[in-house]
Amino acid sequence: MKKFVCALLTVSLIMCGAMVASAEWKFERKISIVCPWGVGGGADSTLRPMAELVKKILGQEVEVVNVTGGNGVTAVEYVYKQPADGYTFMLGTQSLFMQDIQGTTSMNFKEEFIPVARLVHAINVITASKKAMERKGYKTFSEMVEYVKKNPFDVSVGMLTSTGLDGASLKQAIEGLDILDVSYPSGSEMNSALVGGHIDIMVTGTDEIEGLIAAGDIVPLLALCEKRMNRYPNVECSIELGINSVLGPARGIFAKKGTPQEAIDALVAAIEEASKDPSWQAFLVQGCYDERPGFAGSAEYAKDCEEDYKLLSEYLKAEGVMKKDYYAK
């Protein structure tokens, strides 16, 4: 009996050892992380410092590949055609969810891609032209609202697209106000128009406008978040004003369905370790990314993505542009 128990224990230990060994993943060659947006933008600027840290941790080259076009769809299609072998990943935000819901992807992104890890969760801010504020006499978002009520369509807002993440958060924040929409083909042109006082307000991530705010050319009016920002304590936030708009770009890593779980787990572990690095922590502070929890593992990030999908589905359905309803009863 004792011999049987010992033999059984030995077999069990061997099996457990085999399971541990099989759960380990060693990257043997270069890893590619595709960025759906251009070099120098907020997404690209977030991904590159993380890629450098992950490279040091894993001991393998981590290449950032910019595949632009189609509001992110070109990159989605590119990654979908790559083998799910653990060497190709992609950066994504809720903007890709919106493209999916609008039916612009050839596949169901929600079903064919796996959330791996969140890197940062930025806060969108409604900012105003300093010149326009001085002309019209309001200093806060609440004062601007009162001005709009008395002067319908005398305040203009720059828009890139109403069916993108920034457009969704803006529409939620100014719902019921008679504000004039002005379309722009690019963010740089819209920024210039705001600085020059040709439009009154716009919405964007805090990371993309920090320099303009510091220069005094534009003024943050409303932070779309749960509480006032540490960086801008005198700026009103949406929730305190009863405005249910807290959407902000959550940038995370995705993998094509079928990617080995061991590879995903290994990358998540490396990202988590990198997120504790002092240089990354400094990056978070510089870009105002420290205002919200940044890193999230696969399970937590997947839960957040599901909640965003539901919220954005409701928004796009109301806008009349929903093509894929994942929640139809």
Side-chain angles (χ1 to χ4, degrees), residues 35-48 66 68-72 74 93-95 98 120 122-141 143-145 147-148 151-174 177-225 229 231-232 234-236 238 245 247-249 251 286-289:
C35 179
W37 299 283
V39 175
D44 178 79
S45 298
T46 297
L47 181 56
R48 288 186 182 274
N66 296 88
T68 61
N71 294 318
T74 303
T93 72
Q94 301 99 317
S95 292
M98 298 183 80
V120 299
I123 293 174
N124 268 349
V125 175
I126 293 180
T127 56
S129 165
K130 184 178 181 181
K131 290 182 179 180
M133 290 174 64
E134 291 173 347
R135 270 199 322 266
K136 298 178 181 180
Y138 53 81
K139 296 181 180 179
T140 66
F141 183 80
E143 290 179 3
M144 188 202 74
V145 169
Y147 179 89
V148 171
N151 304 275
F153 299 108
D154 193 40
V155 168
S156 58
V157 56
M159 295 281 288
L160 295 178
T161 171
S162 64
T163 55
L165 183 65
D166 290 350
S169 61
L170 178 66
K171 287 286 187 179
Q172 289 177 330
I174 63 174
L177 296 177
D178 293 323
I179 292 180
L180 180 66
D181 291 354
V182 181
S183 296
Y184 286 90
S186 70
S188 59
E189 292 180 62
M190 190 165 65
N191 288 350
S192 296
L194 189 71
V195 171
H198 306 299
I199 55 174
D200 295 276
I201 60 173
M202 71 175 190
V203 64
T204 187
T206 50
D207 54 331
E208 299 179 38
I209 56 169
E210 180 63 24
L212 294 174
I213 293 175
D217 296 321
I218 63 175
V219 179
L221 280 188
L222 182 69
L224 303 179
C225 54
M229 296 178 66
R231 181 71 63 89
Y232 308 119
N234 296 323
V235 175
E236 296 170 316
S238 53
S245 177
L247 281 172
R251 300 183 184 125
Q286 181 181 4
C288 289
Y289 297 125

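Just so you know, residue 1 is the first one in the sequence shown, and it goes up from there.
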Return the [atom1] to [atom2] distance between [X] and [Y], rounded to the nearest 0.5 Å.
| X | Y | atom1 | atom2 | result |
| --- | --- | --- | --- | --- |
| L224 | S245 | CG | OG | 4.5 Å |
| D154 | R135 | CG | CZ | 9.0 Å |
| T127 | L194 | OG1 | CG | 5.0 Å |
| L247 | Q172 | CG | CD | 5.0 Å |
| D178 | N151 | CG | CG | 11.0 Å |

Just wondering, do [Y] and [X] contact through their side chains at under 4.5 Å, heavy atoms?
| X | Y | value |
| --- | --- | --- |
| L47 | R251 | no |
| V157 | I199 | no |
| L221 | E236 | no |

Check your understanding: side chain to side chain contact (heavy atoms under 4.5 Å, CB included) with M229: which of V125, N234, V235?
Key -> V125
Can you name the closest pair of heavy atoms from [X] and [Y] and give their distance?
| X | Y | result |
| --- | --- | --- |
| I213 | P220 | CG2-CD, 3.9 Å |
| P249 | N124 | CD-OD1, 3.5 Å |
| Y232 | E210 | OH-OE1, 2.5 Å |
| Y184 | L160 | O-CD2, 3.3 Å |
| N66 | W37 | ND2-O, 2.8 Å |
| A128 | M133 | CB-SD, 3.6 Å |

Practice item. Look at atom NZ of K136 and say whether more than 12 heavy atoms of other residues, nucleotides or ligands are closer to it than 6.0 Å. Key: yes
Check your understanding: Does atom CD of E189 have more than 12 heavy-atom neighbours, drawn from other residues, nucleotides or ligands, at distances under 6.0 Å?
Key -> yes
Point to revise | side chain to side chain contact (heavy atoms under 4.5 Å, CB included) assessment of T74 paired with T68 | key: CA-CA 6 Å; T74 303; T68 61; over 6 Å; no
Point to revise | Derivation of the side chain to side chain donor-acceptor pair (under 3.5 Å) call for D200 and S129 | key: CA-CA 5 Å; D200 295 276; S129 165; over 6 Å; no
Practice item. Walk me through it: do F141 and I201 pass the test side chain to side chain contact (heavy atoms under 4.5 Å, CB included)? Key: CA-CA 10 Å; F141 183 80; I201 60 173; 5.7 Å; no
Check your understanding: Can D166 and M202 be said to form a side chain to side chain contact (heavy atoms under 4.5 Å, CB included), step by step?
Key -> CA-CA 9 Å; D166 290 350; M202 71 175 190; over 6 Å; no
Check your understanding: Would D181 and K171 satisfy side chain to side chain contact (heavy atoms under 4.5 Å, CB included), going step by step from the backbone distance to the final call?
Key -> CA-CA 10 Å; D181 291 354; K171 287 286 187 179; 3.1 Å; yes
